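Worksheet: one structure, shown below.
Ligands are counted one by one from 1 in listed order, and the atoms in each one are counted from 1 as well. Source: prediction; values computed, not measured.
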Amino acid sequence: MTIAFYPGSFDPPTLGHLDMMLRGLRLADRLVVGIGIHPGKTPWFTAAEREEMLRGAIADAAPGSAARVDVTTFDGLVTAAAADAGATLLLRGLRDATDFDYEMQMAGMNGAMAPSIDTVFLPASPAVRAITATLVRQIAKMGGPTHHFVPGNVAERLHTKTL
Ligand code: ADP
């Protein structure tokens with residue numbers, strides 16, 4: 001059984017993240033989504049809220065595949081969290097050359113630390129390529145419409161949070 005680990009901040013989950021998860025499910029039998037907790041950084045949404053939003057987004061978009069998805073949190077090395085999850089694939093999305101440069105460095109160093117885990121890059125789908133969680137946060141905080149950028153359940157949550 002192939003397990004893929006998909007790490008990120010997901011603060012909040014976006015349509016770009018959802019696209020990656022759905023495509024990851026085509027590559028692996030199980031997908032473990034890892035919410036990275038950075039000590040010292042205060043996220044907008046708690047890990048529990050992000051977990052609930054990720055689960056809701058998958059349940060809405062791919063009800064038949066939800067049982068193959070697990071959502072966890074981790075606060076150490078990505079490679080350690082991926083190994084704990086039993087993953088052999090580490091899923092990352094590439095939006096642009098900035099992502100590419102950074103991700104290549106990480107893939108190289110992660111590969112040195114955990115040779116049995118292969119990083120798999122997926123090119124961002126054109127329709128969601130421009131979406132970043134950082135800009136979604138800014139738009140939401142200014143009362144802008146977020147439904148273009150995030151799954152429906154997340155848009156509702158953003159709306160409630162910014163009322
Ligand atoms: P962001 O970079 O939007 O703040 P994360 O740090 O949570 O989000 O990103 C986690 C992973 O998801 C990274 O591999 C990132 O490249 C990927 N990702 C984020 N947004 C998109 C997108 N719009 N399309 C494809 N991949 C994405």
Set out, in order, the CA-CA distance, both residues' side-chain angles and the distance that settles side-chain contact (heavy atoms from CB on, under 4.5 Å) for Glu49 and Glu52, then state yes or no. CA-CA 5 Å; Glu49 287 174 320; Glu52 193 188 321; 5.7 Å; no

Check whether any N or O atom of Ala124, backbone or side chain, sits under 3.5 Å from an N or O atom of ligand 1, and answer yes or no. no

Does any part of the side chain of Arg157, heavy atoms only, come nearer than 4.5 Å to the side chain of Pro151, both counted from C-beta? no

Pro7 heavy atoms within 4.0 Å reach ligand 1 at atoms 10 (C), 11 (C)

Exam field: side chain Arg30 to backbone Ala67, donor-acceptor pair closer than 3.5 Å: yes

Do any N/O atoms on Phe10 end up under 3.5 angstrom from N/O atoms on ligand 1? yes

What is the closest protein heavy atom to atom 23 (N) of ligand 1, and at what distance does it sit? Val128 O, 2.8 Å

Relative to the heavy atoms of Thr132, which atoms of ligand 1 are at a distance of less than 4.0 Å? 3 (O)

Proximal candidate to atom 3 (O) of ligand 1 [heavy atom criterion; set Gly34, Ser9, Ala133]: Ala133

What's the shortest distance from atom 21 (C) of ligand 1 to any protein heavy atom, and which residue and atom give it? Arg95 CD, 3.6 Å

Check this for me - ligand 1, Ile131, N or O atoms closer than 3.5 angstrom, yes or no? yes

What are the two closest heavy atoms between Leu31 and Tyr6, and how far apart are they? CD1-CB, 4.1 Å

Any atoms of ligand 1 less than 4.0 Å from a non-hydrogen atom of Gly8? List them with their elements. 7 (O), 10 (C)

Do Arg95 and Thr132 have side chains that get closer than 4.5 Å, going by heavy atoms? yes

One residue to check: Met20. Relative to ligand 1, which of side chain, backbone, both or neither has a non-hydrogen atom less than 4.0 Å away? side chain

Begin from the C-alpha positions of His159 and Glu156 and carry the test side-chain contact (heavy atoms from CB on, under 4.5 Å) through to its verdict. CA-CA 5 Å; His159 184 65; Glu156 278 175 31; 5.7 Å; no

Taking the side chain as C-beta and beyond, is there a heavy-atom pair between Leu27 and Leu91 under 4.5 Å? yes

Rounded to the nearest 0.5 Å, what's the gap from CG on Asp11 to CD1 on Ile35? Could you check? 9.5 Å

Got Asp70 and Arg55 here, is their nearest side-chain heavy-atom distance under 4.5 Å? yes

His17 to ligand 1: N or O pair under 3.5 Å? yes

So, regarding Tyr6 and ligand 1 (criterion: nitrogen or oxygen to nitrogen or oxygen, under 3.5 Å), is there a contact or not? yes

Quick one: nearest non-hydrogen protein atom to atom 16 (O) of ligand 1, plus distance? Gly93 O, 2.6 Å

Backbone, side chain, both or neither: what part of Leu15 comes under 4.0 angstrom of ligand 1, heavy atoms only? neither

The side-chain contact (heavy atoms from CB on, under 4.5 Å) partner of Phe5 among Thr88, Asp84, Val32 is Val32

Can you name the atoms of ligand 1, numbered from 1 with element, that are less than 4.0 Å from a heavy atom of Asp99? 16 (O)

Close approach of Pro123 to ligand 1, heavy atoms, under 4.0 angstrom: no

